[in-house]
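Working notes, structure below.
First listed ligand is number 1; within each ligand, the first listed atom is number 1.
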Amino acid sequence: MSVNKEIKKITTHTIQKMKAAGEKISMITAYDFSFARIFDASGIDIILVGDSASNVMAGHETTLPITLDQMIYHASSVVRGTNRCLVVVDLPFGSYQGNSKEALNSAIRIMKETGGHAVKLEGGEEVVESVKRIISTGIPVMGHLGLTPQSIYKFGTYTVRAKEQAEAEKLKKDALLLQEAGCFAIVLEKIPATLAREVSESLHIPTIGIGAGMFCDGQVLVMHDMLGINTEFKPRFLRQYLNLHEQIMGAMHQYISDIKAGSFPSEKEQY
Ligand code: KIV
C-alpha cells in the first residue's frame, strides 16, 4: 500500500479547529473530475458537490429535478480528482425528506458509492431526526439554513431570507438544534450579515456563508458564478474572479477561424 505522508488531508475536525483558531474556511462547488483536480491542488479547504449541478450542469431552472443517482455520478467524479480537501455531497430533493430511514439510506449510498466524506442537507427542526440518525452511523452532516433552494416553490423567490424577526428567530433556533444534533458545520445562504454574525458567534461549529456577509466562519461560491462561466447571474454577494465565458468565446472564435482559413493544423501539427 502506498500512502503519501506529505499530504495533510482536511477532515471535519480540521474544519472545526479552523473556527476555534479564527482561520477562515474556503469552500467552492465542483461537479466533475477535471475541475475538482484543479481546485484540490489550489489549496481549497472544502469542495461541495452541490445540487446546484441541477442548474449549472444540467440546465434546469431549479435544484429539484436532480436525482440521487445523478448526484452520485457527479460526486464520484469529483472524489477521483481530489486527494487533500474535504468533499461534501448534497442530498438531493426527495432523497431525505420522507423519513429518517430514507435519509439514512440516501446518505449511505452517497458514502459507499462516491467516496465522499460528508453529506449536506437543507432545513432545521424538520430534518433534525434525520440528521441524528445519519450521524449515529458515523456519517458527518453539514446543515443548510436561510435560503434553501429545494424549497423555492414555498418561498416563491430567491430574495434574502430571515429579514423579519420571526423568521430570524426560527433560524437562530434551527442553527442551535442542528449543532445539538451533531452537524459539523452549517451553510447560511442569503441572510442579513448581522443575523449571520449572531448565529456564527452563538455556535461552536463553523458557519459557511453565501450571501451572508463577512462574519461567517467561511465562504462558499458556485464555481460557474465565481469563474464567470455563467455571466447572466450577478447577485450583489457574488465576486467574479475570472471571465471564463469571454476567454472561452475568444478561444472558440480563433479556433473556428483557423479551421476555416486552413491554418489549423499546420505542418508541425500533423503526422
Ligand atoms: O448546491 C449548492 O451549490 C449549494 C451552495 C449554494 C451552498 O448548496
Side-chain angles (χ1 to χ4, degrees), residues 15 24-32 35-36 39 44-68 70-75 77-78 85-97 106-107 110 114 116-124 127 131 140-152 155 157-162 171 175 178 183-191 196 199-200 205-213 216-227 229-230 233-240:
I15 298 302
K24 294 275 188 182
I25 299 157
S26 58
M27 176 158 120
I28 189 162
T29 67
Y31 317 95
D32 70 359
F35 274 107
F39 297 161
I44 197 85
D45 297 313
I46 308 177
I47 289 183
L48 170 68
V49 186
D51 60 355
S52 48
S54 180
N55 309 106
V56 297
M57 299 302 287
H60 292 296
E61 220 169 277
T62 72
T63 58
L64 275 67
I66 199 159
T67 65
L68 184 57
Q70 288 165 339
M71 286 302 297
I72 287 171
Y73 167 76
H74 287 296
S77 309
V78 164
C85 69
L86 185 76
V87 179
V88 180
V89 185
D90 261 339
L91 283 172
F93 178 70
S95 73
Y96 64 95
Q97 290 91 345
S106 301
I110 286 187
T114 74
H117 310 125
V119 298
K120 173 165 87 58
L121 49 76
E122 296 181 4
V127 295
V131 168
V141 177
M142 180 181 271
H144 185 153
L145 296 172
L147 174 63
T148 46
Q150 292 179 11
S151 308
I152 184 58
F155 296 143
T157 71
Y158 287 101
T159 52
V160 180
R161 306 300 312 168
L171 190 144
L178 290 176
C183 282
F184 73 94
I186 301 177
V187 166
L188 297 178
E189 181 164 355
K190 234 173 165 188
I191 61 170
V199 172
S200 302
I205 60 170
T207 58
I208 316 271
I210 174 163
C216 294
D217 302 301
Q219 298 292 330
V220 57
L221 285 175
V222 169
M223 60 162 278
H224 290 67
D225 303 335
M226 74 77 88
L227 294 177
I229 298 172
N230 165 19
F233 184 62
K234 286 192 189 296
R236 172 172 161 171
F237 71 79
L238 174 65
R239 188 176 296 179
Q240 197 183 303

Which ligand 1 atoms does T29 reach within 4.0 Å, using its non-hydrogen atoms? 3 (O)
State the OG1-CD1 distance between T29 and I210, to the nearest 0.5 angstrom. 8.0 Å
Among non-hydrogen protein atoms, atom 4 (C) of ligand 1 lies closest to L48 CD2, 3.6 Å
Polar proximity ligand 1 side, Y31 side, N/O cut 3.5 Å exclusive: no
Is there a donor-acceptor pair under 3.5 Å between the side chain of T207 and the backbone N or O of D217? yes
Ring centers of F35, H224 separated by less than 6.0 Å: no
Look at the side chain of K190 and the backbone N and O of Y158, then say whether any donor-acceptor pair between them is shorter than 3.5 Å. yes
Should you measure from each heavy atom of V222, which atoms of ligand 1 turn up under 4.0 Å away? 3 (O)
D90 heavy atoms within 4.0 Å reach ligand 1 at atoms 1 (O), 2 (C), 8 (O)
Who's the nearest protein heavy-atom neighbour of atom 3 (O) of ligand 1, and how far? S52 OG, 2.5 Å
Applying a heavy-atom cut-off of 4.0 Å, say which part of I208 lies close to ligand 1: side chain, backbone, both or neither. neither
Which distance, rounded to the nearest 0.5 Å, do you find between the NE2 of H74 and the CG of D90? 11.5 Å
At a 4.0 Å threshold, what atoms of ligand 1 neighbour a non-hydrogen atom of G50? 1 (O), 2 (C), 3 (O)
N/O separation below 3.5 Å, D51 to ligand 1: yes
Please determine whether the number of non-hydrogen atoms from other residues, nucleotides or ligands lying under 6.0 Å from atom CZ of F237 exceeds 12. yes
Quick check: closest heavy atoms across L86 and F184, and the distance to 0.1 Å? CD2-CE1, 3.9 Å
Which of the atoms in ligand 1, numbered in the order shown and given with their element, are less than 4.0 Å from a heavy-atom of H144? 8 (O)
If you measure from atom 8 (O) of ligand 1 to every heavy atom of M71, M142, M27, K120, which option wins on shortest distance? K120
Can you tell me which residue and heavy atom of the protein come closest to atom 6 (C) of ligand 1, and the distance to 0.1 Å? I210 CD1, 3.8 Å
Minimum-distance pair of heavy atoms, taken over all atoms of L188 and V199: CD1-CG1, 4.1 Å
